[in-house]
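Order of the sequence lines fixes the chain letters, A, B, ..., with proteins taken first and strands second; residue numbering starts at 1 for each chain.
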Protein chains: 2
Amino acid sequence: MERLRIQITIDPALYTRDPETTELGRKIVSKSIEMIDDLGFEKFTFKKLGLAINSNESSIYRYFESKHALLVYLVSWYWSWIEYKIVFATTNVSDPSIKLLSCIELLTKDVKEDTSISYVNEVTLHRIIVAESSKAYHTKDIDKENSKGYYKTYKRVVQRVSDFVTDIHPTYEYPHMLISTVIEGAHHQRYFSKHLPSLTNVCEGKNNITEFYKELVLNAIKQ
Amino acid sequence: MERLRIQITIDPALYTRDPETTELGRKIVSKSIEMIDDLGFEKFTFKKLGLAINSNESSIYRYFESKHALLVYLVSWYWSWIEYKIVFATTNVSDPSIKLLSCIELLTKDVKEDTSISYVNEVTLHRIIVAESSKAYHTKDIDKENSKGYYKTYKRVVQRVSDFVTDIHPTYEYPHMLISTVIEGAHHQRYFSKHLPSLTNVCEGKNNITEFYKELVLNAIKQ
DNA sequence: TTAATTATAATAGTATTACTATCATATCTT
DNA sequence: AAGATATGATAGTAATACTATTATAATTAA
């Protein structure tokens, strides 16, 4: 079976020059994912990246104005990808409960397979999201960046899933809180399970995180 | 009424030299809280701090080996303080449901009043916890630091509150996940409500965050 | 009380970071 | 073939996150 080619479109506000359109741009994105996963965001630099792809620091700056901007780009890419999967999983499904559970599954499960859409390795990117994404918005520039639309895709994903909550329970007061709690919580639990396991109840081989959040949400909106 | 003097004891692993024991040490802690809140963790430096307290960068390094170590210290201080409040609020209370609800209240509510225990301004520190604490453990050194006991207090708080969950519902499978979800979630919601409000459902003047998490937990462990 | 110890401040120095600027060269387009 | 554009190489800057050294001040012990 041939795979559909997924179109991930990224808002031009998130780059100086579109990395998708050139070989160098794609190499920047691809290798930066690998290196941030490997070194952690703090120790990752454009100089090291340039060296690794046989290019130059100054060339990378033509695509992204800072390494922070690159992180925001990657986070946004991830949310566009998740949004695509949500749309794909929920169109033509009529039962909002099924839609909601599919979304929770997509938002909380581990990414184990690279669907090889493109130059982006989704497994590695997911690890970056879990370990580093909170650094993208925990900045003193958050308000300025938010007004430029940097976090639009994330907000749209939360809105979409919250809408399913509202479909199920129209008077539920906290749909956005519930969904953003699930999303951020799942990332934390994923991180904790590896590094601070006493903060979780994750068992080997089980999809505990997904099970926990499905149950949590269903109980929260039970009427 | 005279206030009880609270004893916040910090594990010596968290500093090079105990800042509580000297004037300079207390000034470092006190002013760093102010400055991290003000500048954000990235733009905060020991050089600036030294300047602000009429001391010197090199003197500060005698108390904390790095600015990351100082952040970890502050986070740990916060959890010791919360632990104290939890112990205070739950001793001599027999009903585990009341204990649990008190804990959720303490873990999720906004800190509005500086109880002036000491040189630590708890209102400001709470803002730092909300905005910066995730940077303390999202490091490549997490495992090494965890083995040195850097996150002990946080883990102990989660354990304490999880125990109340287990008292109420002995077979509930995810007590730790539930509590760490509440804690991290509350911090996120607090941050989002200020900077990305569309991810929340916070209303002016209401304690929505606390209400949301109380309801969430009670529904999760309802039998 | 003096000597020894310890704490602090001042200064200097280092490698690295996160950029910016300039320019030559390669490549692609018209 | 000329012009435009993209890339790479080099250099430079202010700041960061430290380390090391030394002088001086303050505390403590003999």
Atom pairs and distances, donor-acceptor, side-chain atoms in residues 10-17 of chain A, under 3.5 Å, two or more places apart:
| unit_1 | atom_1 | unit_2 | atom_2 | d |
| --- | --- | --- | --- | --- |
| A:Asp11 | OD1 | A:Ala13 | N | 2.8 |
| A:Asp11 | OD2 | A:Lys152 | NZ | 3.0 |
| A:Arg17 | NE | A:Tyr63 | OH | 3.3 |

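Legend: ring pair (Phe, Tyr, Trp, His ring centres under 6.0 Å) pairs involving residues 27-61 of chain A, not counting sequence neighbours, sorted by first then second residue: A:Phe46-A:Tyr61. The salt bridge (charged side-chain N to carboxylate O under 4.0 Å, His left out) contacts involving residues 135-146 of chain B comprise B:Glu42-B:Lys135, B:Glu132-B:Lys135, B:Asp141-B:Lys144, where partners must be two or more places apart or lie in separate chains. Sorted by first and then second residue, the salt bridge (charged side-chain N to carboxylate O under 4.0 Å, His left out) pairs involving residues 63-82 of chain B (not counting sequence neighbours) form an empty list. Residues in residues 185-200 of chain A take part in no salt bridge (charged side-chain N to carboxylate O under 4.0 Å, His left out) pair, two or more places apart or across chains.
Note that the first and last nucleotides of DNA chain C, 5' to 3', having any atom under 4.0 angstrom from a heavy atom of chain A are C:dT17 to C:dA21.
Under 3.5 Å, the side chains of B:Asn207 and B:Thr210 contain no donor-acceptor pair of N or O atoms. If you check the side chains of B:Gln189 and A:Ser180, you find a donor sitting under 3.5 Å from an acceptor. A:Tyr213 and B:Thr181 are linked by a side-chain donor-acceptor pair at a separation below 3.5 angstrom, with hydrogens and angles left out of the test.
Where the helix from C:dT1-D:dA30 to C:dT30-D:dA1 starts and where it ends, the local axes point in directions that differ by 10°; five pairs per end, rounded to 10°.
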For every nucleotide of nucleotides 5-20 of chain D, 5' to 3': is a protein heavy atom under 4.0 Å from its base (B), only from its sugar-phosphate (S), or from neither (-)? -SBBBB-----SBBBB

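Residues of residues 133-140 of chain A that place a heavy atom closer than 4.0 Å to DNA chain C do not occur.
Ion pairing of B:Glu211 with B:Lys206 is absent here, as no side-chain N (NZ or NE/NH1/NH2) approaches a carboxylate O to less than 4.0 Å.
Checked against side-chain contact (heavy atoms from CB on, under 4.5 Å), B:Ser55 has the following partners two or more places apart in sequence or in another chain: B:Leu24, B:Ile53, B:Ser59. By the side-chain contact (heavy atoms from CB on, under 4.5 Å) test, A:Thr45 pairs with A:Lys47, A:Lys48, sequence neighbours left out. Under the rule for a salt bridge (Lys or Arg N to Asp or Glu O under 4.0 Å), the partners of B:Lys214 that lie at least two apart in sequence or sit in another chain are B:Glu105.
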